[in-house]
Asker: 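Encoded as structure tokens, here's the structure I'll be asking about.
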Number of protein chains: 2
Amino acid sequence: MDLIKRVRIYEMVVEKIKALITEGHYQVGDLLPTEREFAQRYGVSRSAVREAMIVLHRLGMVDNIPGKGTVVVTDSEPSVNDYLLELLNAEEQSIINLLELRKGIEIEAVSLAAKRCTKKDLAVLQEKLELLEKAVEKGEVAAKEDHDFHVTLSSITKNDLYITVMTAISSVMQNTLEKTRAETLNKPGGPPRVLSEHKAIVHAIKNNDDEKARKAMRLHLDNVLHKTYQELDHKNIKQVKSR
Amino acid sequence: MDLIKRVRIYEMVVEKIKALITEGHYQVGDLLPTEREFAQRYGVSRSAVREAMIVLHRLGMVDNIPGKGTVVVTDSEPSVNDYLLELLNAEEQSIINLLELRKGIEIEAVSLAAKRCTKKDLAVLQEKLELLEKAVEKGEVAAKEDHDFHVTLSSITKNDLYITVMTAISSVMQNTLEKTRAETLNKPGGPPRVLSEHKAIVHAIKNNDDEKARKAMRLHLDNVLHKTYQELDHKNIKQVKSR
DNA sequence: ATTGCCTAAATGTCAGACCAATTAGCAGGG
DNA sequence: CCCTGCTAATTGGTCTGACATTTAGGCAAT
């Protein structure tokens with residue numbers, strides 16, 4: 001049985017305005033037409049437009065400024081991914097917790113990748129590895145290249161959940177690393193070692209050796225965890241000294 | 001510098017009504033006071049109350065029914081967990097994808113648990129195992145006992161992310177199993193084998209042997225995956241036959 | 001007992017008014 | 001000429017009152 005669903009007017013206005021933003025008729029930072037104009041344009045009352053504005057505001061898409069107007073804050077509506085990011089990004093979550101979760105996710109991901117990797121997948125992954133290599137040779141932090149590599153790796157699993165979760169974890173880590181100046185990767189003897197670990201992972205995937213791939217990934221992430229522990233210890237010591 | 005934040009009236013009304021619901025002044029299914037009464041009670045206009053109602057409705061806490069009133073749908077505001085559930089529960093996600101993700105999460109979780117398990121933790125876990133055992137002996141499906149066991153296991157990691165994610169995965173799987181009549185656990189030779197796998201996991205944790213714990217968990221989840229594959233094949237065959 | 005209609009009350013929507021904040025323009029003093 | 005401060009217009013924020021639509025319950029006719 002199909003139940004008839006009441007459709008509130010403000011909901012239709014929300015969709016209309018949302019479409020205007022996502023389709024690019026108004027860019028981020030632009031001022032939307034006034035509420036009174038929307039009301040006239042859509043043949044509804046200003047109340048309906050205001051209710052729609054409240055929804056759009058709570059979606060984080062617009063900001064209503066009295067005396068000025070309504071400004072576009074972002075051009076895309078929040079997705080489930082954003083909520084996942086919120087979970088991972090919560091301040092209570094330590095970077096250690098995040099790294100441990102990543103360990104579970106990525107070790108199994110690389111295992112699946114080793115079993116399911118096609119020639120095309122491998123080519124893309126090796127390309128990402130080369131980009132990472134070049135960036136490291138230039139002495140860059142290469143955070144973006146590292147992110148790309150790991151996301152590409154997760155995509156080889158062909159499992160949307162791994163792709164979504166790994167993408168979220170990786171971007172949160174990238175943010176965290178930016179805040180902490182990415183000291184981890186910059187430490188003496190850091191990048192070359194990280195690079196060789198990445199190569200070992202790709203090598204195992206190439207041979208479709210899932211067990212070796214897991215071991216290589218576990219080794220890599222244990223090293224990252226170890227360095228992070230050292231870094232945290234170092235900071236704590238500095239904090240104590242500064243008292 | 002502390003910026004002064006404009007506080008919209010409807011936001012305060014939202015907090016007021018939300019508190020009334022979460023504190024139990026109104027139970028699920030109850031009819032809230034009318035919008036006009038709220039307006040009078042809080043000394044605001046009905047517009048403000050209506051805007052608050054829209055927010056509460058979009059939070060999924062209330063349902064506004066014309067001619068009747070506003071009924072309470074749930075007594076707790078949605079948390080990040082609910083959005084995680086939404087991600088995992090999305091129809092596009094196959095049960096296979098979910099199981100594969102669970103493999104990554106839980107293998108590493110049991111590894112952490114083996115390293116961090118206290119005597120008290122172990123006692124609780126063994127208690128859950130006994131409950132599972134008794135339920136299986138009675139010939140029950142024991143879905144809830146299985147859920148409890150795995151959530152307890154994840155809590156031993158002391159890592160909030162693992163606890164949150166594992167709880168979500170487990171409850172989604174429980175729902176899915178309910179829909180599919182939990183055939184997996186009911187198959188001949190199913191429960192006893194599952195039980196022995198659980199015992200092996202607990203045994204490894206007891207000995208703080210993280211590597212053996214991972215292997216035991218991998219074996220267990222591979223078996224679950226295998227059975228699920230068989231089940232899906234079986235259903236496909238039945239579907240073909242019924243054409 | 002069922003059907004149909006009437007009424008009361010609630011939400012949904014509308015129109016208009018006023019308040020508060022912002023902006024732009026203009027007048028006046030330096 | 002430039003800066004200051006006032007004024008008016010514009011915009012979102014709130015309030016009020018009205019009407020439309022939906023629901024529930026009472027009541028009479030069938």
Side-chain angles (χ1 to χ4, degrees), chain A residues 1-18 20-21 25-74, chain B residues 1-18 20-21 25-74:
Chain A
M1 184 175 73
D2 283 349
L3 295 177
I4 293 178
K5 183 187 164 194
R6 292 194 324 268
V7 178
R8 300 263 249 117
I9 288 183
Y10 83 83
E11 289 176 337
M12 298 191 295
V13 178
V14 166
E15 294 308 315
K16 285 278 190 185
I17 300 181
K18 197 191 290 178
L20 284 179
I21 297 175
H25 292 85
Y26 297 97
Q27 306 287 331
V28 172
D30 282 0
L31 230 51
L32 286 179
T34 69
E35 295 178 349
R36 291 170 175 84
E37 174 162 351
F38 271 130
Q40 192 173 8
R41 185 187 299 183
Y42 297 134
V44 300
S45 71
R46 188 157 84 100
S47 313
V49 177
R50 305 212 73 257
E51 292 172 350
M53 286 299 178
I54 286 174
V55 173
L56 290 171
H57 176 66
R58 292 192 78 92
L59 284 176
M61 298 184 71
V62 304
D63 206 1
N64 311 95
I65 303 173
K68 196 175 182 184
T70 304
V71 43
V72 179
V73 174
T74 174
Chain B
M1 183 176 74
D2 281 352
L3 293 178
I4 292 179
K5 185 186 165 194
R6 289 194 329 266
V7 178
R8 301 265 251 112
I9 289 183
Y10 82 83
E11 289 176 340
M12 297 192 296
V13 178
V14 166
E15 294 307 316
K16 284 279 191 185
I17 300 180
K18 198 193 288 179
L20 284 179
I21 297 175
H25 292 85
Y26 297 96
Q27 306 287 332
V28 172
D30 283 359
L31 227 53
L32 287 178
T34 69
E35 295 179 349
R36 289 172 176 83
E37 172 157 354
F38 271 129
Q40 192 173 8
R41 184 186 302 182
Y42 296 135
V44 299
S45 72
R46 189 159 82 101
S47 314
V49 178
R50 304 214 76 257
E51 292 173 349
M53 286 299 179
I54 287 174
V55 173
L56 290 170
H57 175 65
R58 293 192 79 93
L59 284 177
M61 297 184 70
V62 304
D63 206 1
N64 310 92
I65 303 173
K68 195 175 182 184
T70 304
V71 311
V72 179
V73 174
T74 174

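Just so we're on the same page: letters track the sequence lines, and every chain starts at 1.
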Asker: Which of the following nucleotides, C:dA21, D:dT23, D:dT16, is nearest to the side chain of B:Lys68?
Answerer: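 Nearest listed nucleotide: D:dT23.
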Asker: So with a 6.0 Å cut-off around NZ of A:Lys16, is the heavy-atom count from everything else above 12?
Answerer: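 Atom NZ in A:Lys16 is not crowded, with 12 or fewer foreign heavy atoms closer than 6.0 Å.
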Asker: If you only use heavy atoms from C-beta on, which nucleotide in D:dC15, D:dG12, C:dA15 is closest to the side chain of A:Thr70?
Answerer: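 The closest nucleotide is D:dG12.
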Asker: Considering only D:dC15, C:dG12, D:dT11, which nucleotide approaches the side chain of B:Glu35 most closely?
Answerer: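 Per side-chain heavy atoms of B:Glu35, the pick is C:dG12.
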Asker: Just call it for B:Arg46: base, sugar-phosphate, or nothing, with non-hydrogen atoms closer than 4.0 Å on any strand.
Answerer: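 Base, at least one base atom sits under 4.0 Å.
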Asker: Once side chain to side chain donor-acceptor pair (under 3.5 Å) is applied, what residue pairs with a partner in residues 49-60 of chain A remain, sequence neighbours excluded?
Answerer: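 Of all non-adjacent pairs touching residues 49-60 of chain A, those that pass side chain to side chain donor-acceptor pair (under 3.5 Å) are A:Glu35-A:Arg50, A:Arg50-B:Glu51, A:Glu51-B:Arg50.
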Asker: I want to verify a distance call: between C:dC14, D:dT11, C:dG12, whose nearest atom is closest to the A:Arg8 side chain?
Answerer: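 Among C:dC14, D:dT11, C:dG12, the one nearest the side chain of A:Arg8 is C:dG12.
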Asker: To the nearest 0.5 Å, what is the distance between CD1 on A:Ile9 and OG on A:Ser47?
Answerer: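 Between A:Ile9 CD1 and A:Ser47 OG, I get 10.0 Å after rounding to 0.5 Å.
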Asker: Which listed nucleotide (C:dG12, D:dT16, D:dG13) is nearest to the side chain of B:Pro66?
Answerer: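 Nearest to the side-chain atoms of B:Pro66, counting from C-beta on, is C:dG12.
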Asker: Kindly point out which of C:dT22, C:dG12, D:dT23 is positioned nearest to the side chain of B:Asn64?
Answerer: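 So the side chain of B:Asn64 is nearest to C:dG12.
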Asker: Which one, D:dC15, D:dG12, C:dA15, comes nearest to the side chain of B:Val44?
Answerer: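 In terms of side-chain proximity for B:Val44, the closest of D:dC15, D:dG12, C:dA15 is D:dC15.
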Asker: From the set D:dG12, C:dT13, C:dA15, return the single nucleotide nearest to any side-chain atom of A:Thr34.
Answerer: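 Of all the options, the side chain of A:Thr34 is nearest to D:dG12.
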